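Worth saying up front: this structure is predicted, and the values here are computed from it rather than measured.
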Amino acid sequence: RKFTDIYNLSNISSDSNDCTTISGTIIPSTMYFSEEDRSKQSSLFTLIRDIKSLFSNSIANQLGLYGSFGYDLTYQFENIALNKERSNSQRDLVLYLPTEILVIDNYKNDAWKIKYKFNYHNK
């Protein structure tokens, strides 16, 4: 599968189409979602799930997105009026697809390093 397949999977209006950046706008859903299904509506998490599906396989089970999530991601699910202005440069999350992972299994008292090699247009 190709990195650019993400635009076919997610409900995204594309602004960019290169191998290092996903840029665009999540198109909001017009459907009603019950309380227990709110996380299934179009949001940034739709994109994260779709990126994860592009790279998932049974051999590289440690490969995934790693990083941090900010508090304001709550607004992906709740339509709440903001009381304070948010800077456009504020990032709600930062995720990385690592090329190298150190796995530590405390239960087995073992550790190992996994290296991944990615290419884009055979580069």
Side-chain angles (χ1 to χ4, degrees):
R1 302 194 61 184
K2 299 180 296 187
F3 182 78
T4 53
D5 286 346
I6 199 65
Y7 294 105
N8 300 325
L9 292 172
S10 294
N11 203 10
I12 300 174
S13 167
S14 171
D15 294 339
S16 170
N17 196 9
D18 65 42
C19 68
T20 62
T21 305
I22 295 173
S23 177
T25 304
I26 303 290
I27 301 168
S29 177
T30 56
M31 296 173 45
Y32 170 78
F33 288 87
S34 63
E35 180 70 24
E36 57 273 5
D37 290 331
R38 282 189 311 164
S39 65
K40 296 177 184 172
Q41 63 187 319
S42 292
S43 71
L44 188 55
F45 294 103
T46 307
L47 175 62
I48 293 169
R49 282 189 294 270
D50 289 343
I51 292 172
K52 184 178 175 257
S53 75
L54 283 175
F55 295 100
S56 67
N57 65 64
S58 60
I59 297 170
N61 59 4
Q62 300 293 335
L63 182 61
L65 297 170
Y66 295 83
S68 61
F69 295 85
Y71 177 78
D72 279 1
L73 284 173
T74 303
Y75 300 118
Q76 293 285 320
F77 302 107
E78 298 288 342
N79 190 10
I80 300 171
L82 300 176
N83 292 328
K84 294 185 178 182
E85 190 72 27
R86 301 308 201 267
S87 169
N88 286 338
S89 64
Q90 175 180 317
R91 299 186 296 180
D92 292 331
L93 70 128
V94 177
L95 299 175
Y96 299 94
L97 184 63
T99 57
E100 190 172 291
I101 299 172
L102 176 62
V103 180
I104 300 173
D105 186 334
N106 290 322
Y107 184 73
K108 293 181 179 178
N109 199 26
D110 195 9
W112 61 95
K113 190 182 296 186
I114 301 171
K115 293 184 179 185
Y116 298 101
K117 184 176 181 180
F118 303 102
N119 66 51
Y120 182 72
H121 291 298
N122 297 319
K123 294 179 184 175

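When every heavy atom of P98 is checked against every heavy atom of G64, the shortest pair comes out as CD-O, 3.3 Å.
There is no path of hydrophobic side-chain contacts, each under 4.5 Å, that joins V94 to I101.
For N109, the CG atom is loosely surrounded, since the number of other residues' heavy atoms within 6.0 Å does not exceed 12.
Considering OG1 of T99 and NZ of K115, their distance stands at 8.5 Å, rounded to 0.5 Å. Between the CG atom of D110 and the CG atom of D105 there is a distance of 6.5 Å, given to the nearest 0.5 Å. To the nearest 0.5 Å, atoms CG (L95) and CG (L44) are separated by 8.0 Å.
Sorted by first and then second residue, the pairs that involve residues 60-73 and meet side-chain hydrogen bond (donor to acceptor under 3.5 Å, both in side chains), not counting sequence neighbours, are D72-R86, D72-Q90.
L97 is listed as a side-chain neighbour of L63, based on a closest heavy-atom distance under 4.5 Å.
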